[in-house]
Colleague: 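Handing you a structure now.
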Amino acid sequence: MKIRPIRGMNDVLPDDGALWSAVESAAQAVFDAYGYRQIRLPVMEHTELFSRSIGETTDIVQKEMYTFTDRSGASVTLRPEATASVVRAGLSHGLFHNRQQKLWCSGPMFRHERPQKARYRQFHQINLEAIGFAGPEVDAEVIIMSARIWERLGLESPRLELNSLGTPECRAGYREALQAYFSAAGDVLDAESRERLRRNPLRLLDSKDPRLRELIAGAPVLRGYLDDDSAAHFQRLTELLDDAGVAYTINPRLVRGLDYYTRTVFEWVTDRLGAQGAICSGGRYDGLVAQLGGRDTPAIGWAMGLERVVELMEEEGRRQPARPPHAYLVIAGDEARRRGLGIAETLRARVPGIRLTMDCAGGSFRSQLRRADRSGALLALILGDNELADNSLSIKPLREDLPQTLYSLEEAVAELLRVRDNSP
RNA sequence: GUGGGCGUAGCUCAGCAGGUAGAGCCCCGGAUUGUGGAUCCGGUCGUCGUGGGUUCGAGUCCCAUCGUCCACCCCA
């Protein structure tokens, strides 16, 4: 029986490696520029951490977690998201004690859902978390940072949607109003929608059911239920985004799936990834730190889906150019084969940053040269008995119609330095 | 969890009144005993997803099952 990968858990193959790195380094460059520091976290936590933070009634907790009992009998869970872990780590080590933290982290997350386009059981997120800041300036900052990442990557399709959920208190009032409104509509709702109405009526607003569209359009809007502070916070945020030139649309029906969100919520969406439009989303979670046992601490963060961004890069034709070797060392003869590795080492040491591929496959001279060509290398370095005899190296340009030249090792180093400095 | 599409070589795919498996790409060797890219010649690679059924005979028809993709649900 052939060993298969686990459903929904994908291998990122070498052809995609550069694209992934490009996305990761674009994000890291932005984090550095804004003074956010990296935190690295375990992929597993006590199950309770997630059930308490994300919310017992959410789909994530109810049916999507990879939860099992470890050998000591403890219930552990592969993290379905990172924010709870960041907060837990901060509390474990006193990082939030009388101080703020600007943090980022990345890594795999796990949700047992049915895989489909841009949705997998193991997926990767980059998270940004700013903890201990109450004002709308930090809301604007984290959103601007995400916009800068799209800029660096050359992505054009992401659109920003914004909303405010207010405080838990005003949300409760809104919730009642929604329940009253939808209950009055009565039999238009199917059993599933009724269940949602009972448990989390805000989610009904997200429904794609065309029969509900009209009903949803007429539903009360959360903004009418915002308290003055939340309304002012949101107003100020929109002004800051205007000042920064970050475009957004206010989507009064944007609610998020995790229970801990308060006030600002936002989502970067694209129409180029099928049914999965959200590539980065987040919001304020002012109650979470206290809820997990810390002091009352405001916080905001976002999570970016790496697979989604990578796929979007491909959709938008932003594939990374390959980084072929500068030079490919071709060997003729047994003695040259014996010495080749050492010469390659010398060249790499003398020409820092050179990308030099050694042909380790052997075979005929002809096929080695063919591999040199197909590797995309600019130069073939040729080492055979002739070259060994007088400590020289032949260099054959593969991308230009120039003659092959026999160089001393010193001259070859100079030539490689020149090529290194004149190519990407 | 529900629905639909698709499973033939490493990759892209052809094969179908049911007659015992092919092409291109890739890889290797050669034409050119140390010279790539174009051309030509040759070669390696398949339990036709798996199991059962119908049939003299199944890649082809039927059933089941697994996988995969897309969508619903939900979300990054």
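So that the names make sense, note that chain A is the first sequence line, chain B the second, and so on, each numbered from 1.
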Colleague: Below the 4.0 Å mark, does rA76(B) have OP1 or OP2 next to a side-chain nitrogen or oxygen of Ser281(A)?
Modeller: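 Answer yes for this pair, as a side-chain N or O of Ser281(A) is under 4.0 Å from OP1 or OP2.
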Colleague: For rU12(B) and rC26(B), measure between their C1' atoms and round to the nearest Å.
Modeller: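 These two C1' atoms come out 11 Å apart once rounded.
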Colleague: Nearest whole Å is fine: how far is rA76(B) P from Glu161(A) CD?
Modeller: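 One finds 14 Å between P of rA76(B) and CD of Glu161(A), rounded.
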Colleague: Walk along nucleotides 3-9 of chain B from 5' to 3' and tag each nucleotide B, S or - by protein heavy-atom contact under 4.0 Å, base first, then sugar-phosphate.
Modeller: B------
Colleague: State whether the side chain of Arg148(A) and the backbone N or O of Val30(A) hold a donor-acceptor pair below 3.5 Å, judged by distance alone.
Modeller: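 Not at all, since once roles are kept as given, no pair shorter than 3.5 Å links the two residues.
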Colleague: Heavy atoms only, 4.0 Å cut-off, all strands: where does Tyr328(A) land among base, sugar-phosphate and nothing?
Modeller: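 The residue Tyr328(A) makes no contact with any strand.
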Colleague: Any side-chain N or O of Gln116(A) less than 4.0 Å from the OP1 or OP2 oxygen of rC69(B)?
Modeller: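 No.
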Colleague: How far does the P atom of rG7(B) sit from the matching atom of rC62(B), given to the nearest Å?
Modeller: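 Roughly 13 Å separates the two P atoms.
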Colleague: Looking at Glu335(A) and Arg337(A), is there a salt bridge between them, counting it only when a charged N and a carboxylate O are closer than 4.0 Å?
Modeller: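 Salt bridge between Arg337(A) and Glu335(A), a charged N being under 4.0 Å from a carboxylate O: no.
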Colleague: Kindly say whether, by distance alone, the side chain of Arg308(A) makes a donor-acceptor pair under 3.5 Å with the base of rC75(B)?
Modeller: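 Answer yes: a donor N or O sits under 3.5 Å from an acceptor.
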Colleague: Roughly how many Å apart are rG37(B) and rA31(B), using the P atom of each and rounding to a whole number?
Modeller: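 Straight-line distance between the two P atoms is 13 Å.
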Colleague: Select base, sugar-phosphate, or nothing to describe what Ala278(A) touches, counting heavy atoms under 4.0 Å on all strands.
Modeller: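 Result for Ala278(A) = sugar-phosphate.
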Colleague: Using the C1' atom on both, measure rA14(B) against rG24(B) and round to a whole Å.
Modeller: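 So the two C1' atoms sit 10 Å from each other.
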Colleague: Measure the distance from CD on Gln368(A) to P on rU33(B) and round it to the nearest whole Å.
Modeller: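 Result: 15 Å.
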Colleague: For Ile6(A) and rU68(B), what is the distance between atoms CD1 and C1' respectively, to the nearest whole Å?
Modeller: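 Roughly 16 Å, once rounded to whole Å.
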Colleague: I need the single residue from Glu315(A), Glu316(A), Arg272(A) that forms a side-chain hydrogen bond (donor to acceptor under 3.5 Å, both in side chains) with Ser157(A). Which is it?
Modeller: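 So, applying the side-chain hydrogen bond (donor to acceptor under 3.5 Å, both in side chains) to Ser157(A) and each of Glu315(A), Glu316(A), Arg272(A), only Glu316(A) qualifies.
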Colleague: Rounded to the Å, how far apart are Arg121(A) CZ and rC69(B) C1'?
Modeller: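 The distance from CZ of Arg121(A) to C1' of rC69(B) comes to 14 Å, rounded to the nearest Å.
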Colleague: Give me the distance, rounded to whole Å, that separates rG15(B) from rG52(B) when you measure between the P atoms they each carry.
Modeller: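 These two P atoms come out 28 Å apart once rounded.
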Colleague: Below 4.0 angstrom, N of the basic side chain to O of the carboxylate: do Arg121(A) and Glu113(A) qualify?
Modeller: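 Salt bridge absent between Arg121(A) and Glu113(A).
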Colleague: Taking only the P atom of each, what is the distance from rA21(B) to rC45(B) in whole angstrom?
Modeller: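 Nearest-Å result for rA21(B) against rC45(B) at atom P: 14 Å.
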Colleague: Quick check on RNA chain B: between Cys280(A) and Pro5(A), whose nearest nucleotide comes earlier from the 5' end?
Modeller: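 Between the two, 5'-proximity favours Pro5(A).
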Colleague: What distance, rounded to whole Å, do you find between the two P atoms, one in rU20(B) and one in rU60(B)?
Modeller: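 Their P atoms lie roughly 14 Å apart.
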Colleague: Give the stems involving RNA chain B, where a stem is 3 or more consecutive Watson-Crick or G-U wobble pairs (i with j, i+1 with j-1, and so on) under 3.5 Å.
Modeller: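 RNA chain B stems, ordered by first number: B:1-7 with B:66-72, B:10-13 with B:22-25, B:27-31 with B:39-43, B:49-53 with B:61-65.
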Colleague: Please report the distance separating the P of rA17(B) from the corresponding atom of rC61(B), rounded so that it comes out in whole Å.
Modeller: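 Per the computed distance, 11 Å lies between those P atoms.
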Colleague: Could you pick out which residue, Gly8(A) or Gly277(A), lies toward the 5' side of RNA chain B when each is mapped onto its nearest nucleotide?
Modeller: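 Its nearest nucleotide lies further toward 5', so the answer is Gly8(A).
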Colleague: Produce the list of close N/O pairs, under 3.5 Å, pairing protein atoms with atoms of nucleotides 34-40 of chain B; give distances to one decimal.
Modeller:
| unit_1 | atom_1 | unit_2 | atom_2 | d |
| --- | --- | --- | --- | --- |
| rG34(B) | O6 | Asp385(A) | N | 3.1 |
| rG34(B) | O6 | Asn386(A) | N | 2.7 |
| rG34(B) | O6 | Asn386(A) | OD1 | 3.2 |
| rG34(B) | O6 | Asn386(A) | ND2 | 3.0 |
| rG34(B) | O6 | Glu387(A) | OE1 | 3.4 |
| rG34(B) | N1 | Glu387(A) | OE1 | 2.9 |
| rG34(B) | N1 | Glu387(A) | OE2 | 3.3 |
| rG34(B) | N2 | Glu387(A) | OE2 | 2.9 |
| rU35(B) | O2 | Lys396(A) | NZ | 3.3 |
| rU35(B) | O2 | Gln404(A) | OE1 | 3.2 |
| rU35(B) | N3 | Gln404(A) | OE1 | 2.4 |
| rU35(B) | N3 | Gln404(A) | NE2 | 3.2 |
| rU35(B) | O4 | Gln404(A) | OE1 | 3.4 |
| rU35(B) | O4 | Gln404(A) | NE2 | 2.5 |
| rG36(B) | OP1 | Arg366(A) | NH1 | 3.4 |
| rG36(B) | O2' | Asp373(A) | OD2 | 3.3 |
| rG36(B) | N1 | Leu398(A) | O | 3.2 |
| rG36(B) | N2 | Asp373(A) | OD1 | 2.8 |
| rG36(B) | N2 | Leu398(A) | O | 2.4 |
| rG36(B) | N3 | Asp373(A) | OD1 | 3.3 |
| rG37(B) | O4' | Asp373(A) | OD2 | 3.1 |

Colleague: Under a plain distance cut-off of 3.5 Å, with no hydrogens placed, do Glu129(A) and Thr83(A) share a side-chain donor-acceptor pair?
Modeller: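 On atom types as modelled, these side chains qualify, holding a pair under 3.5 Å.
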Colleague: Taking the basic N atoms (NZ, or NE/NH1/NH2) and the acidic carboxylate oxygens, is any pair closer than 4.0 Å for Glu311(A) and Arg308(A)?
Modeller: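 Looking at Glu311(A) and Arg308(A), the cut-off is not met.
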Colleague: Hey, are Glu387(A) and Ser392(A) close enough side-chain-wise for a donor-acceptor pair under 3.5 Å?
Modeller: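 There is no such pair between these side chains.
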Colleague: List the residues meeting ring-ring contact (aromatic ring centres under 6.0 Å, His included) with His326(A), not counting sequence neighbours, and say none if there are none.
Modeller: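 His326(A) satisfies ring-ring contact (aromatic ring centres under 6.0 Å, His included) with no residue once adjacent residues are dropped.
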Colleague: Do Glu141(A) and Tyr36(A) have side-chain atoms, one donor and one acceptor, less than 3.5 Å apart?
Modeller: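 A pair is found: one side chain offers a donor N or O, the other an acceptor, under 3.5 Å apart.
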Colleague: Sequence neighbours excluded, which residues qualify as ring-ring contact (aromatic ring centres under 6.0 Å, His included) partners of Phe31(A)?
Modeller: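 Phe31(A) satisfies ring-ring contact (aromatic ring centres under 6.0 Å, His included) with Trp104(A) once adjacent residues are dropped.
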Colleague: Over how many whole Å does the gap from Gln62(A) atom CD to rG1(B) atom P extend?
Modeller: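 Taking atom P of rG1(B) as the reference, CD of Gln62(A) is at 16 Å.
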Colleague: On the six-membered ring of Tyr328(A), is Lys396(A) placed so that its NZ or CZ lies under 6.0 angstrom from the centre and within 45° of the ring axis?
Modeller: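 Here Lys396(A) fails the 6.0 Å and 45° test against Tyr328(A).
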Colleague: Would you mind classifying the nucleic acid contact of Ala118(A) as base, sugar-phosphate or nothing, using non-hydrogen atoms under 4.0 angstrom?
Modeller: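 Base, at least one base atom sits under 4.0 Å.
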Colleague: Tell me: NE2 of His112(A) to P of rG1(B), nearest whole Å?
Modeller: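 Spelled out: NE2 on His112(A) to P on rG1(B) is 7 Å.
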Colleague: Kindly indicate whether the side chain of Arg119(A) and the base of rC69(B) share any N or O donor-acceptor pair separated by less than 3.5 Å?
Modeller: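 Under the 3.5 Å cut-off, the side chain and the base do not form any donor-acceptor pair.
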Colleague: Ignoring backbone atoms, establish whether Ser364(A) has a side-chain N or O less than 4.0 Å from OP1 or OP2 of rG30(B).
Modeller: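 It does, given that an N or O in the side chain of Ser364(A) lies less than 4.0 Å from OP1 or OP2 of rG30(B).
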Colleague: Can you list the residues that meet the side chain to side chain contact (heavy atoms under 4.5 Å, CB included) rule with Ala147(A), with sequence neighbours excluded?
Modeller: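 Ala147(A) satisfies side chain to side chain contact (heavy atoms under 4.5 Å, CB included) with Val246(A), Trp268(A) once adjacent residues are dropped.
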Colleague: How would you label the contact of Gln276(A) with the nucleic acid (heavy atoms, under 4.0 Å): base, sugar-phosphate, or nothing?
Modeller: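 Contact class for Gln276(A): base.
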Colleague: Expressed as a whole number of angstroms, how long is the span from Asp11(A):CG to rC11(B):P?
Modeller: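 Atom-to-atom, Asp11(A) to rC11(B), this comes out as 13 Å.
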Colleague: Could you check whether any side-chain N or O of Asn422(A) sits under 3.5 Å from a backbone N or O of Arg418(A), counting only pairs where one atom can act as donor and the other as acceptor?
Modeller: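 Between the backbone of Arg418(A) and the side chain of Asn422(A) there is a qualifying donor-acceptor contact (under 3.5 Å).
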Colleague: Classify Gly274(A) by what it touches in the nucleic acid, base, sugar-phosphate, or nothing, heavy-atom distance under 4.0 Å.
Modeller: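 Result for Gly274(A) = sugar-phosphate.
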Colleague: Would you mind checking if Arg350(A) and Glu410(A) are paired as a salt bridge, meaning a charged N to carboxylate O distance below 4.0 Å?
Modeller: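 Looking at Glu410(A) and Arg350(A), the cut-off is met.
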Colleague: How long is the line joining CH2 of Trp150(A) and P of rA76(B), in whole Å?
Modeller: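 My rounded result for the distance is 13 Å.
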Colleague: Would you mind classifying the nucleic acid contact of Gly333(A) as base, sugar-phosphate or nothing, using non-hydrogen atoms under 4.0 angstrom?
Modeller: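 Counting heavy atoms under 4.0 Å across all strands, no contact is made by Gly333(A).
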